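Worksheet for the structure shown next.
To find a chain, count down the sequence lines: A is the first, B the second, and so on, and within it residues start at 1. Because the structure is predicted, anything quoted here is derived from the model rather than measured.
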Amino acid sequence: MPELPEVETVRRGLEPVVAGRRIAAAEIRRPDLRFPFPERFAERLVGQRIVGLERRAKYLIAALSGGEDLVMHLGMTGRFTILEKGRADTPGDYANSVGADPVHDHVMLTLSGGARIVYNDPRRFGFMVMMPHAERSAHPLFRGLGVEPLGPELTADYLAARARGKKANLKSFLMDQRVVAGLGNIYVAEALFRAGLSPNRAARALADRRGEATERARKLVPAIQGVLEQAIAARGSTLRDYRDASGASGGFQNSFAVYDRAGETCRRAGCGGEIRRVVHAGRASFYCPRCQR
DNA sequence: ACTGTACCCTGTAGGC
DNA sequence: TGCCTACAGGGTACAG
């Protein structure tokens with residue numbers, strides 16, 4: 001479900017509610033998600049103050065006062081929901097309230113001040129792990145991550161260096177979190193459309209024989225950044241499950257140029273091409289064969 | 001070193 | 001109505 005814009009939208013919704021609060025209670029309602037929860041998870045959370053809430057790639061990271069980071073990934077269907085004080089002050093209240101989902105509500109945190117945070121994840125591809133803050137950058141989950149696409153490190157030269165000689169297609173190249181961290185199926189498709197690049201083209205087209213960035217690489221950077229910025233401004237894309245921390249849907253799905261539009265007409269004025277669906281590495285790709293080469 | 005496939009899990013949509 | 005298959009915003013472990 002959630003790519004960078006959705007995770008960032010969730011982060012922005014949660015941060016003012018959790019930052020500075022203490023975790024007063026933690027209810028862990030099953031032993032695992034994708035991976036087992038950390039040992040003695042609830043006991044390690046309770047009493048900690050949440051110092052801040054960051055995002056790196058598609059990870060949400062709560063920095064805890066004791067020096068550990070709580071790292072959370074939403075997988076495909078993970079969702080955080082804020083229950084303000086008074087809406088459901090006890091677990092019993094919540095269980096009987098509208099919107100409660102006892103089968104898929106896996107984690108409930110009660111914060112000082114009374115707000116509660118519920119993590120719901122039907123498919124359980126999400127996970128939560130804890131690690132000392134100082135060890136985060138060396139942790140296997142973070143060590144190999146590529147650049148943040150909205151940061152200064154995403155440049156045409158960087159893409160060219162990483163793509164040089166690679167005959168893998170551009171779709172797979174951009175989906176690789178070791179190259180650019182945070183893109184997923186939707187925003188790769190949309191960025192390639194904006195850059196006028198076919199997802200089928202070999203990634204090495206981003207570099208010339210000397211390894212210098214090509215015009216294609218230079219177009220790709222603002223295409224990636226533009227689509228992510230606009231998607232964040234629209235509070236993400238909702239296809240099926242995605243909701244922000246307030247329960248609201250995103251809005252960017254109404255602006256898709258190609259994603260999930262197979263058989264429909266290209267929206268570029270005067271194009272008239274038909275959006276095509278192909279499969280790369282088991283994931284659907286969408287593109288306009290007239291606009292993207 | 002790369003590339004493609006299977007798989008993790010559940011819900012839903014569409015065909016018959 | 002019901003059953004069955006395919007597919008879904010992610011990521012990883014393999015086999016080749």
(Q) Do the side chains of Arg44(A) and Glu68(A) get close enough for a salt bridge, i.e. N-O under 4.0 angstrom? (A)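 Yes, charged N to carboxylate O under 4.0 Å.
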Q) With a 4.0 Å cut-off, would you call Arg56(A) and Glu148(A) a salt bridge? A) yes
**Q.** Touch class at under 4.0 angstrom, heavy-atom based, for Gly184(A) against every strand present
**A.** sugar-phosphate
(Q) Under 4.0 Å, heavy atoms only, any strand: does Ala281(A) hit a base, just the sugar-phosphate, or nothing? (A) base
Rounded to whole Å, please give me the gap between [atom1] in [X] and [atom2] in [N].
{"X": "Met76(A)", "N": "dA6(C)", "atom1": "CE", "atom2": "P", "answer": "17 Å"}
{"X": "Arg164(A)", "N": "dA1(B)", "atom1": "CZ", "atom2": "P", "answer": "18 Å"}
{"X": "Tyr187(A)", "N": "dA8(C)", "atom1": "OH", "atom2": "C1'", "answer": "15 Å"}
{"X": "Met175(A)", "N": "dG11(C)", "atom1": "CE", "atom2": "C1'", "answer": "9 Å"}
{"X": "Phe125(A)", "N": "dT10(B)", "atom1": "CZ", "atom2": "P", "answer": "9 Å"}
{"X": "Leu141(A)", "N": "dG10(C)", "atom1": "CG", "atom2": "C1'", "answer": "13 Å"}
{"X": "Leu4(A)", "N": "dG10(C)", "atom1": "CG", "atom2": "C1'", "answer": "14 Å"}
{"X": "Leu145(A)", "N": "dT12(C)", "atom1": "CG", "atom2": "P", "answer": "9 Å"}

May I ask you to evaluate whether [X] reaches the phosphate of [N], defined as a side-chain N or O under 4.0 Å from OP1 or OP2?
{"X": "Arg277(A)", "N": "dA8(C)", "result": "yes"}
{"X": "Gln177(A)", "N": "dG11(C)", "result": "yes"}
{"X": "Lys58(A)", "N": "dG11(C)", "result": "yes"}
{"X": "His280(A)", "N": "dG4(B)", "result": "no"}
{"X": "His73(A)", "N": "dG11(C)", "result": "yes"}
{"X": "Arg124(A)", "N": "dT10(B)", "result": "yes"}

Q | Backbone of Cys288(A) reached by a side-chain donor or acceptor of Gln292(A) within 3.5 Å | A |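 Indeed, once roles are kept as given, a pair shorter than 3.5 Å links the two residues.
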Q: May I ask you to decide if Gly250(A)'s main-chain N or O and Thr238(A)'s side chain share a donor-acceptor pair within less than 3.5 Å?
A: yes
(Q) Could you identify the nucleotide paired to dG11(B), looking across every strand shown and requiring Watson-Crick or G-U wobble geometry with both distances under 3.5 Å? (A) dC7(C)
**Q.** Side chain of Asn185(A) (C-beta onward), nearest among dG10(C), dA8(C), dT10(B)
**A.**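 The answer is dG10(C).
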Using the [atom1] atom as the reference point in each nucleotide, state the distance between [N] and [M] in Å, no decimals.
{"N": "dA6(B)", "M": "dA6(C)", "atom1": "C1'", "result": "16 Å"}
{"N": "dC9(B)", "M": "dC14(C)", "atom1": "P", "result": "15 Å"}
{"N": "dG10(C)", "M": "dA1(B)", "atom1": "C1'", "result": "24 Å"}

Q.
Going by ring-ring contact (aromatic ring centres under 6.0 Å, His included), name the residues that satisfy it together with Tyr287(A), two or more places apart in sequence or in a different chain.
A. none
Q: Could you check Arg240(A) against Lys166(A) and say which one's nearest nucleotide on DNA chain B is further toward the 5' end?
A: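 Its nearest nucleotide being more 5', the pick is Lys166(A).
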Q: Identify, between Arg123(A) and Ser172(A), the residue whose nearest nucleotide on DNA chain B lies closer to the 5' end.
A: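 This one resolves to Ser172(A).
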(Q) I'd like to know if the side chain of Arg55(A) pairs up with that of Tyr59(A) as donor and acceptor (distance under 3.5 Å, no hydrogens or angles considered). (A) no
(Q) Looking at Arg283(A) and dA8(C), is any side-chain donor or acceptor paired with a base atom of the opposite kind under 3.5 Å? (A) no
